[in-house]
Amino acid sequence: MANLRHLVVLYVLLHAMDVHARPANMSALREKHPTGKDENEILPPDHLNGVKLEMDGHLNKDFHQEVFLGKDMEEFEEDSEPRRNRKKLIDIFTKVDLNRDRSVSAKEMQRWIMEKTEEHFQEAVKENKLSFRAVDPDKDGHVTWDEYRVKFLGSKGFNEKEVAEKIKNNEDVKVDEETQEVLESLKDRWFQADDPPADQLLNEQEFLSFLHPEHSRGMLKYMVKEIVRDLDQDGDKKLTLSEFISLPMGTVENQQAQDIDDDWVRERKKEFEEVIDADHDNIVTMDELEEYMDPMNEYNALNEAKQMIAVADENQNHNLELEEILKYSEYFTGSKLMDYARNVHEEF
């Protein structure tokens with residue numbers, strides 16, 4: 001199915017949050033829950049690998065590392081052995097350098113980014129299989145909204161048998177206001193994921209679109225509408241720069257927090273002007289946002305490759321040599337290899 005080529009992007013479940021209470025930095029939340037959700041919750045994840053935006057509209061700080069390392073990202077941990085990380089990075093450089101000329105071009109990096117994005121996609125498919133089995137109790141290959149609702153509420157601490165019995169008898173299941181808002185948003189997305197002819201049942205493929213809406217072109221369009229609706233202040237179904245950078249970032253209590261907020265605005269402004277606004281008319285349309293959010297878009301991958309090369313291209317030859325990648329290892333892997341090399345030199 002062609003739609004499966006579209007990998008991870010952004011899931012916007014803003015209905016479950018107060019739009020004025022978005023944190024300035026989502027990384028702290030991800031440190032607690034790498035997937036952005038409780039372990040037992042069968043929810044669309046908040047953070048999706050290889051996606052430039054978080055589910056609440058914040059830029060993904062780990063994006064470059066995710067599309068460079070793929071599923072090997074976890075191996076480059078802050079406390080891992082620098083010598084081992086250096087060797088792994090050299091191995092990656094060798095694989096990216098397809099023509100073996102000891103230099104990585106934008107085309108070679110583009111191909112690599114597409115491969116790593118595909119890896120994240122395959123991981124999402126695997127996780128989806130496990131989630132689908134968990135919500136398909138009768139193993140008939142289809143899941144009803146009620147079956148999903150039972151499992152979802154079970155993950156929230158409700159008794160699944162009692163919930164199932166109430167649903168069967170058409171009785172109300174009393175939940176708190178926040179959970180009710182989440183359920184209503186999920187139900188809307190559930191029916192959007194139900195491919196024609198709609199039967200109100202989701203098979204495994206449709207369930208993948210539900211958990212990862214970016215895997216389906218139709219769901220990708222739906223997501224774009226949700227995002228624009230949430231950020232669009234004047235109701236013209238387009239985004240201006242001011243609308244894109246005006247998300248509340250939290251209460252500024254000290255200079256450090258102010259610096260974070262200033263950096264946040266600067267980064268969003270740059271992303272809007274240089275990447276998302278493709279025709280540079282200072283307006284982002286739904287079509288532009290859809291292209292930006294499609295991680296399997298080859299033009300996006302090439303543009304990203306050029307940006308990544310520009311960060312470390314000290315000799316300005318528009319390619320990357322091994323020494324440059326090693327020197328800028330923190331950008332590509334999160335690991336400071338050059339500090340380690342300098343310390344070793346000083347020791348001897």
Side-chain angles (χ1 to χ4, degrees), residues 7-8 25-36 45 47-52 54 58-124 126-127 263 267 295 301 304-348:
L7 179 90
V8 304
N25 191 335
M26 293 297 291
S27 60
L29 295 181
R30 282 207 306 276
E31 287 172 3
K32 285 186 177 181
H33 299 292
T35 60
H47 172 78
L48 299 172
N49 291 326
V51 180
K52 299 199 81 170
E54 302 288 357
H58 287 75
L59 295 175
N60 176 9
K61 300 292 186 183
D62 299 326
F63 177 76
H64 305 300
Q65 295 168 24
E66 290 167 357
V67 296
F68 183 72
L69 299 176
K71 65 182 181 182
D72 295 328
M73 185 174 175
E74 293 181 2
E75 295 185 17
F76 285 84
E77 299 174 353
E78 292 182 8
D79 58 351
S80 57
E81 212 275 317
R83 189 187 298 274
R84 184 168 61 89
N85 282 352
R86 179 185 174 90
K87 183 179 183 303
K88 285 187 294 187
L89 188 51
I90 293 173
D91 289 342
I92 290 175
F93 177 86
T94 303
K95 293 175 183 177
V96 182
D97 180 21
L98 198 61
N99 63 5
R100 301 293 186 266
D101 66 349
R102 299 184 179 183
S103 181
V104 170
S105 67
K107 281 289 186 182
E108 287 174 323
M109 184 67 83
Q110 176 197 33
R111 176 194 64 86
W112 182 256
I113 288 173
M114 296 293 286
E115 285 187 9
K116 297 298 105 178
T117 304
E118 179 67 19
E119 281 185 8
H120 289 307
F121 166 75
Q122 295 301 335
E123 286 298 309
K126 276 198 251 181
E127 291 175 4
D263 289 343
E267 290 171 1
E304 191 60 39
K306 291 176 179 178
Q307 288 185 326
M308 292 172 73
I309 289 174
V311 168
D313 184 20
E314 291 196 338
N315 61 11
Q316 298 296 301
N317 67 348
H318 305 295
N319 284 9
L320 282 184
E321 281 70 50
L322 177 60
E323 293 75 15
E324 292 172 327
I325 284 187
L326 290 174
K327 183 173 182 179
Y328 289 85
S329 61
E330 186 173 17
Y331 174 80
F332 293 100
T333 71
S335 175
K336 293 182 179 180
L337 303 183
M338 292 307 292
D339 289 348
Y340 166 78
R342 190 178 298 113
N343 290 339
V344 170
H345 178 74
E346 291 172 355
E347 286 177 9
F348 289 92

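Bear in mind the structure is a predicted one, so any value in this text is a computation, not a measurement. Any value given below was found using the heavy atoms of this structure, including those in side chains, with hydrogens, waters and symmetry copies removed. Residues: numbered from 1 along the sequence shown.
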So how far is it from [X] [atom1] to [Y] [atom2], rounded to the nearest 0.5 Å?
| X | Y | atom1 | atom2 | value |
| --- | --- | --- | --- | --- |
| E323 | I325 | CD | CD1 | 10.0 Å |
| F93 | E321 | CZ | CD | 6.5 Å |
| R84 | F76 | CZ | CZ | 8.5 Å |
| K88 | I92 | NZ | CD1 | 8.0 Å |
| L69 | E74 | CG | CD | 11.0 Å |
| Q110 | K306 | CD | NZ | 9.0 Å |

**Study point:** From Q65, H64, M308, residue fulfilling side-chain contact (heavy atoms from CB on, under 4.5 Å) relative to F332
**Key:**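 Single side-chain contact (heavy atoms from CB on, under 4.5 Å) partner of F332 among Q65, H64, M308: M308.
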Looking at [X] and [Y], would you say the former's side chain and the latter's main chain have a donor-acceptor pair under 3.5 Å?
| X | Y | result |
| --- | --- | --- |
| E108 | S105 | yes |
| D313 | N317 | yes |
| R100 | T94 | yes |
| E123 | G70 | no |
| E324 | E314 | yes |
| D97 | R102 | yes |

Considering non-hydrogen atoms only, spot the tightest contact between [X] and [Y] and give its length.
| X | Y | result |
| --- | --- | --- |
| L89 | T333 | CD1-CG2, 3.8 Å |
| A312 | L320 | CB-CD2, 3.7 Å |
| M73 | D62 | CE-CB, 3.8 Å |
| V96 | W112 | CG2-CD2, 3.4 Å |
| A106 | A305 | O-CB, 3.5 Å |

Check your understanding: Does CD in Q316 sit with more than 12 non-hydrogen atoms of other residues, nucleotides or ligands closer than 6.0 Å?
Key -> yes
Check your understanding: With a 4.0 Å cut-off, would you call K95 and D91 a salt bridge?
Key -> no
**Study point:** Side chains of R111 and E115 in contact at under 4.5 Å (non-hydrogen atoms)
**Key:** yes
Practice item. Given side chain to side chain contact (heavy atoms under 4.5 Å, CB included), test E119 with Q122 step by step and report yes or no. Key: CA-CA 5 Å; E119 281 185 8; Q122 295 301 335; 5.8 Å; no
